[in-house]
Amino acid sequence: MTKPIQPSNTAAYYVQAVLSFAISLTAMGLALIYLPAAGWVRAFLALGLLFVVTSTITLSKVIRDRQEMSEVTNRVDQARLDKLLAEHDPFKVDG
(Lines give C-alpha, C1' and ligand atoms only; values in the text may rest on other atoms or scores of the structure.)
Protein backbone atom coordinates (compact mmCIF):
# COMPACT_ATOMS: atom_id res chain seq x y z
CA MET A 1 0.00 0.00 0.00
CA THR A 2 1.39 3.40 -0.93
CA LYS A 3 1.42 6.17 1.60
CA PRO A 4 -0.58 9.21 0.49
CA ILE A 5 1.41 12.35 -0.16
CA GLN A 6 0.96 14.90 2.60
CA PRO A 7 0.98 18.47 1.33
CA SER A 8 3.34 20.65 3.31
CA ASN A 9 3.85 24.36 3.52
CA THR A 10 7.22 25.82 2.72
CA ALA A 11 9.09 28.07 5.12
CA ALA A 12 8.56 30.99 2.73
CA TYR A 13 4.79 30.46 2.81
CA TYR A 14 4.83 30.36 6.61
CA VAL A 15 6.91 33.56 6.82
CA GLN A 16 4.64 35.28 4.31
CA ALA A 17 1.54 34.35 6.31
CA VAL A 18 3.03 35.55 9.61
CA LEU A 19 4.33 38.79 8.09
CA SER A 20 1.06 39.62 6.34
CA PHE A 21 -0.84 39.05 9.60
CA ALA A 22 1.60 41.19 11.60
CA ILE A 23 1.66 44.00 9.03
CA SER A 24 -2.12 44.14 8.69
CA LEU A 25 -2.62 44.10 12.46
CA THR A 26 0.01 46.83 12.93
CA ALA A 27 -1.50 48.96 10.16
CA MET A 28 -4.96 48.71 11.66
CA GLY A 29 -3.61 49.48 15.13
CA LEU A 30 -1.84 52.59 13.85
CA ALA A 31 -4.92 53.64 11.92
CA LEU A 32 -6.99 53.38 15.10
CA ILE A 33 -4.43 55.35 17.12
CA TYR A 34 -4.28 58.22 14.62
CA LEU A 35 -7.99 58.20 13.71
CA PRO A 36 -9.37 61.71 14.17
CA ALA A 37 -12.26 60.64 16.37
CA ALA A 38 -13.25 60.55 20.00
CA GLY A 39 -11.55 58.06 22.29
CA TRP A 40 -14.68 55.97 22.74
CA VAL A 41 -15.02 55.60 18.95
CA ARG A 42 -11.43 54.39 18.64
CA ALA A 43 -11.93 52.02 21.59
CA PHE A 44 -15.10 50.63 19.99
CA LEU A 45 -13.31 50.05 16.69
CA ALA A 46 -10.34 48.47 18.51
CA LEU A 47 -12.71 46.02 20.23
CA GLY A 48 -14.23 45.23 16.83
CA LEU A 49 -10.76 44.60 15.41
CA LEU A 50 -9.90 42.35 18.36
CA PHE A 51 -13.13 40.40 17.84
CA VAL A 52 -12.40 39.95 14.12
CA VAL A 53 -8.87 38.70 14.83
CA THR A 54 -9.93 36.22 17.52
CA SER A 55 -12.87 35.02 15.40
CA THR A 56 -10.57 34.46 12.44
CA ILE A 57 -8.11 32.45 14.52
CA THR A 58 -10.95 30.36 15.96
CA LEU A 59 -12.45 29.76 12.52
CA SER A 60 -9.12 28.62 11.09
CA LYS A 61 -8.67 26.20 14.01
CA VAL A 62 -12.16 24.76 13.54
CA ILE A 63 -11.58 24.26 9.82
CA ARG A 64 -8.20 22.59 10.48
CA ASP A 65 -9.69 20.32 13.14
CA ARG A 66 -12.54 19.28 10.83
CA GLN A 67 -10.11 18.50 8.03
CA GLU A 68 -7.87 16.45 10.34
CA MET A 69 -10.91 14.54 11.66
CA SER A 70 -11.99 13.79 8.08
CA GLU A 71 -8.51 12.47 7.29
CA VAL A 72 -8.52 10.23 10.38
CA THR A 73 -11.96 8.87 9.50
CA ASN A 74 -10.86 8.18 5.94
CA ARG A 75 -7.75 6.35 7.15
CA VAL A 76 -9.79 4.19 9.55
CA ASP A 77 -12.28 3.33 6.80
CA GLN A 78 -9.43 2.51 4.41
CA ALA A 79 -7.78 0.26 7.01
CA ARG A 80 -11.05 -1.62 7.54
CA LEU A 81 -11.50 -2.08 3.82
CA ASP A 82 -7.90 -3.27 3.41
CA LYS A 83 -8.40 -5.80 6.22
CA LEU A 84 -11.62 -7.13 4.68
CA LEU A 85 -10.00 -7.47 1.26
CA ALA A 86 -6.96 -9.21 2.74
CA GLU A 87 -9.12 -11.72 4.63
CA HIS A 88 -11.49 -12.38 1.73
CA ASP A 89 -10.90 -15.62 -0.15
CA PRO A 90 -12.91 -15.64 -3.41
CA PHE A 91 -12.25 -19.39 -3.90
CA LYS A 92 -13.52 -20.46 -0.48
CA VAL A 93 -16.66 -22.61 -0.65
CA ASP A 94 -19.06 -22.35 2.26
CA GLY A 95 -20.65 -25.64 2.96
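Bear in mind that the values here come from a model prediction, so they are computed numbers and not experimental data.
The structure places CG of L49 at 9.5 Å from OG1 of T54, a figure rounded to the nearest 0.5 Å. Rounding to the nearest 0.5 Å places NZ of K61 at 15.0 Å from OG1 of T56. Rounding to the nearest 0.5 Å gives a distance of 11.0 Å between OG1 of T58 and CD1 of I63. Atom CG in L50 sits 12.0 Å away from atom CE in M28 (nearest 0.5 Å).
Atom CZ of R66 sits in a sparse spot, with 12 or fewer heavy atoms from other residues, nucleotides or ligands closer than 6.0 Å.
Closest non-hydrogen pair, A22 versus T26, comes out as O-OG1, 2.7 Å.
Cluster membership for L45 and F51, using ILVMFWY side-chain heavy atoms within less than 4.5 angstrom, is not shared. The same ILVMFWY cluster, assembled from side-chain heavy atoms under 4.5 Å apart, contains both I57 and L25. Linking ILVMFWY residues whenever their side-chain heavy atoms come closer than 4.5 Å, directly or via other members, places V53 and L32 in the same cluster. Under a hydrophobic clustering in which Ile, Leu, Val, Met, Phe, Trp and Tyr are joined whenever their side-chain heavy atoms come within less than 4.5 Å, directly or via other members, Y14 and L19 fall into different clusters.
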